[in-house]
Amino acid sequence: MSASAITDPARLASRLLDWYDANKRDLPWRAIAGERADPYAVWVSEVMLQQTTVAAVRPYYEAFLARWPTVEALAAASLDEVLQTWRGLGYYARARNLHACARLIAGERGGRWPQAEADLRALPGIGAYTAAAIAAIAFEHGSTPVDGNVLRIIARVFGIETPLPAAKAELTRLARTLTPPRRTGDFAQATMELGATVCRPRRPGCDRCPWADDCVARAKGSAERLPRRSARPPRPTRQGWAFWLEHADAGVLLRQRPARGLLGGMMEVPSTPWRRAPWTAAEAIAIAAPADARWRPLNAVVEHTFTHFHLRLSVLAARLEGPPPPDVAGTWVPLPDLEDQALPSLMMKVVAAARGEA
DNA sequence: AAAGCGTGGTT
DNA sequence: TAACCAAGCTT
């Protein structure tokens, strides 16, 4: 017996499942009570939910499953179509991996999903968390998905003071000790639901928590400051100029970004590189303008924050007359068709700035 | 293994 | 308001 106040893992699991039955939210990817979860739906939802809130995912999930109800349908789609549907949701490698994984499942595997956690883990875009989540939720395997919610509720209920990410291995081990032999899918969802709705990062609702009686952090009054986290490096600011080039007949010039890396495979308004040092407009035009034209700076500056840097993007605009020059690299898109492009949020801000001043 | 990878809501 | 944070994965 450890010195921990957690004396009975089975009791914690039981209390959590009772709480879940009474409080679970109605989410579109959840199986109807008594029915088996659709692995495809579980997979799509879990990938969308990576580092993304339920509120943000919901409309994307609805649209995605309406358009591609099965893994075979998704496999038959083009990557561009998938990226277009994913636009605005972020972390676009998820969409690329989702598409690759669909083709692998529908093709080589004949539409059959692996069920074991280790086999799911080998698929593109499926890491430790997602493999455990699919195995538990879709197949009732005894796996224990550990996401940010689970790290938090476990750190608090056991009173673990070790900062993340160093504490992750220990918190994962402790989470596994609580996983019951049955209803593993519900238990997995219940742990995350508890973290998302009660045991929140700030102002935890301990008065509504099924684990309050056993929670070490609550007893110590330390819940709100757990889990501890190591300090993060500061985010630098990068700068660049975007080139909004309109042609009276053809529309606006867009390009597709390289297939991998930041915003990989997405469409963009052509721009200079994004760097720490500021640019003069003349330097930007000399290095990166997509065409010889009368460029004029817009007043609006687009600001956008990525995971690891802030971006300040100024905009130069120009209009071409006559036939579209053949030596311009990119795609001319009529203005009304911009909404159908795989333009990420940053580029939608550029579009809004340019059209607002045009 | 540390860094790259989006976006929007909350505080 | 600037910082924090979200049902993480890849290299």
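Below, chain A is the first sequence line, B the second, and so on; all start at residue 1. Scope of the values below: all heavy atoms of this structure, side chains included, with no hydrogens, waters or symmetry mates. Because the structure is a prediction, the values reported are computed rather than measured.
For the P atoms, the distance from B:dG6 to C:dT11 is 14 Å, rounded to whole Å. Across B:dA2 and C:dA7, the matching C1' atoms stand 23 Å from one another, rounded to whole Å.
Between A:Ala56 and A:Arg203, the residue anchored closer to the 5' end of DNA chain B is A:Ala56, taking for each the nucleotide with the nearest heavy atom. In this structure, A:Ala55 and A:Arg96 both approach DNA chain B, and ranking their closest nucleotides by distance from the 5' end singles out A:Arg96.
Within the 4.0 Å cut-off from OP1 or OP2 of C:dT10, at least one side-chain nitrogen or oxygen of A:Arg121 is found. Between A:His304 and B:dG6, a side-chain N or O to OP1/OP2 separation shorter than 4.0 Å is absent. Distances shown here put a side-chain N or O of A:Ser345 below 4.0 Å from the OP1 or OP2 atom of B:dG8. For B:dC5, one of the phosphate oxygens OP1 or OP2 lies less than 4.0 angstrom from a side-chain nitrogen or oxygen of A:His308. Within the 4.0 Å cut-off from OP1 or OP2 of C:dA6, at least one side-chain nitrogen or oxygen of A:Arg152 is found.
Salt bridge absent: A:Arg156 and A:Glu224 never bring a charged side-chain N and a carboxylate O closer than 4.0 Å. With respect to the salt-bridge test (charged N to carboxylate O, under 4.0 angstrom), the residues A:Arg87 and A:Glu81 do not qualify.
More than 12 non-hydrogen atoms from other residues, nucleotides or ligands lie less than 6.0 angstrom from CZ of A:Arg275.
Within 4.0 Å (heavy atoms only), A:Pro145 reaches no atom of the nucleic acid at all. Within the nucleic acid shown, A:Leu89 comes within 4.0 Å of at least one base atom, counting heavy atoms only.
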